[in-house]
Amino acid sequence: MPSQRRMRLFGVLFLVAVVTILYMTRSAAQTHASDFYTKTSEALQQHEFAEAAKQRDADSVGTRLKAAEEAAKKKADEKGAEFHKAVEGKDKSVAGRVKIEGDKPAPVPGVAAQGGRPRDQAAMKEHETPEDHDVEIELNAILKKSPVIIFSKSYCPHSKHAKHILLENYTITPAPYVVELDQHPLGARLQDTLAQMTGRRTVPNVLVQGKSIGGGDDMQELDETDRLIDTLRSLGGTRITGVVHTGAREKAAGSMKRRRA
């Protein structure tokens, strides 16, 4: 049997445990009943409610923004489809680009049909670079300036001679348009394209409705044999409204004066 001393020790420990439990229970009850605990609990609950409301608002705004973005994207896709459909319905050039309405020379890819050197259209479209596209656009814009285009270089004596014949010996309506390749930002690329189009790389290169009629020596020969006017009229068609040899007009005027005298 345990000794009395050990029994007293167990009794003391039991009593201490009971007192401690009673104290802790009472303290916890007092704490829950205190104003500080109540206010703190309410503040924490209000903070949790506020955070939950913010999260709900954020989710709602995000949903509205996503819906607006999807609607804008759908509208843009519909407009793009309509534009593509409208473009597909227009008349296109050989290279696949929409032709500009009006009386104008054929785009660069169609120059071969007027007498230029044939070109592989499928290969051109497949291997065309952005630079080639820019040159083609520029050349088509130049060809619309006038039915007669003189591709020249400012320092070239042969070009100067051709310009003298076409601009001073003749009055052509509308007047020929001169492109100085050495002063043009795309001059070198234009000259390469002209070589492919017409088979002539050198300047001057005179084009009538997109077809080359030659260089300086050719202009001189056509002028001396009185065939330049007929050549311009036959190739220029309705776009050339008048061609007059200035020297012939002066001779005719002088003859009339002598008759009157």
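Below, each value reflects all heavy atoms present in this structure, side chains not excepted, and no hydrogens, waters or symmetry copies. Only a predicted model underlies this, so the values are computations on that prediction, with no experimental measurement involved.
In this structure, OG1 on Thr202 lies 8.0 Å from CD on Gln191, to the nearest 0.5 angstrom. In this structure, CG in Leu190 is found 6.0 Å from CD in Glu138, a value given to the nearest 0.5 Å. Summarising the geometry, atom CZ belonging to Phe151 is positioned 11.0 Å from atom CD belonging to Glu180; distances are rounded to the nearest 0.5 Å. In this structure, OG in Ser152 is found 13.0 Å from NE2 in His161, a value given to the nearest 0.5 Å. Atom NZ of Lys145 sits about 12.5 Å away from atom CG of Asn140, to the nearest 0.5 Å. One finds the CE atom of Met219 at 6.0 Å from the CG atom of Leu166 (value rounded to the nearest 0.5 Å).
Annotation: side chain of Val243 is in contact with side chain of Arg233 (closest heavy-atom distance under 4.5 Å). For the pair Thr193 and Leu139, the minimum side-chain heavy-atom distance is below 4.5 Å. Between Val178 and Lys163 there is a side-chain heavy-atom pair separated by less than 4.5 Å. You'll find the side chain of Leu207 stays beyond 4.5 Å of the side chain of Ile213, heavy atoms only.
With Thr198 contributing its side chain and Ala195 its backbone, the two residues share no donor-acceptor pair below 3.5 Å. Formation of a donor-acceptor pair under 3.5 Å by the Ser146 side chain with backbone atoms of Ile149 is not found in this model. Side-chain N or O atoms of Thr241 include one that pairs as donor or acceptor with a backbone N or O of Thr173 at under 3.5 Å.
Within a 6.0 Å radius of NE2 in His184, other residues, nucleotides and ligands contribute more than 12 heavy atoms.
Looking at residues two or more places apart in sequence or on another chain, you find a side chain to side chain donor-acceptor pair (under 3.5 Å) between Ser212 and Asn205. Thr225 pairs by the side chain to side chain donor-acceptor pair (under 3.5 Å) definition with Arg227, not counting sequence neighbours. Residues satisfying the side chain to side chain donor-acceptor pair (under 3.5 Å) criterion with Arg201, sequence neighbours excluded, are Asp192. Every residue two or more places apart in sequence or in another chain that forms a side chain to side chain donor-acceptor pair (under 3.5 Å) with Asp182 is listed here: Ser154. Qualifying side-chain contact (heavy atoms from CB on, under 4.5 Å) partners for Glu224, counting only residues two or more places apart in sequence or in other chains: Gln220. For Asp223, the side-chain contact (heavy atoms from CB on, under 4.5 Å) partners two or more places apart in sequence, or in a different chain, are Ile165, Asn169, Tyr170, His245.
Shortest non-hydrogen contact noted between Gly210 and Leu143 is CA-CD2, 4.4 Å. Across all non-hydrogen atoms, the minimal contact from Arg239 to Lys144 is NH2-O, 3.6 Å.
Salt-bridge formation is not detected for the pair Asp134/Arg189: no Lys NZ or Arg NE/NH1/NH2 atom is positioned less than 4.0 Å from an Asp or Glu carboxylate oxygen.
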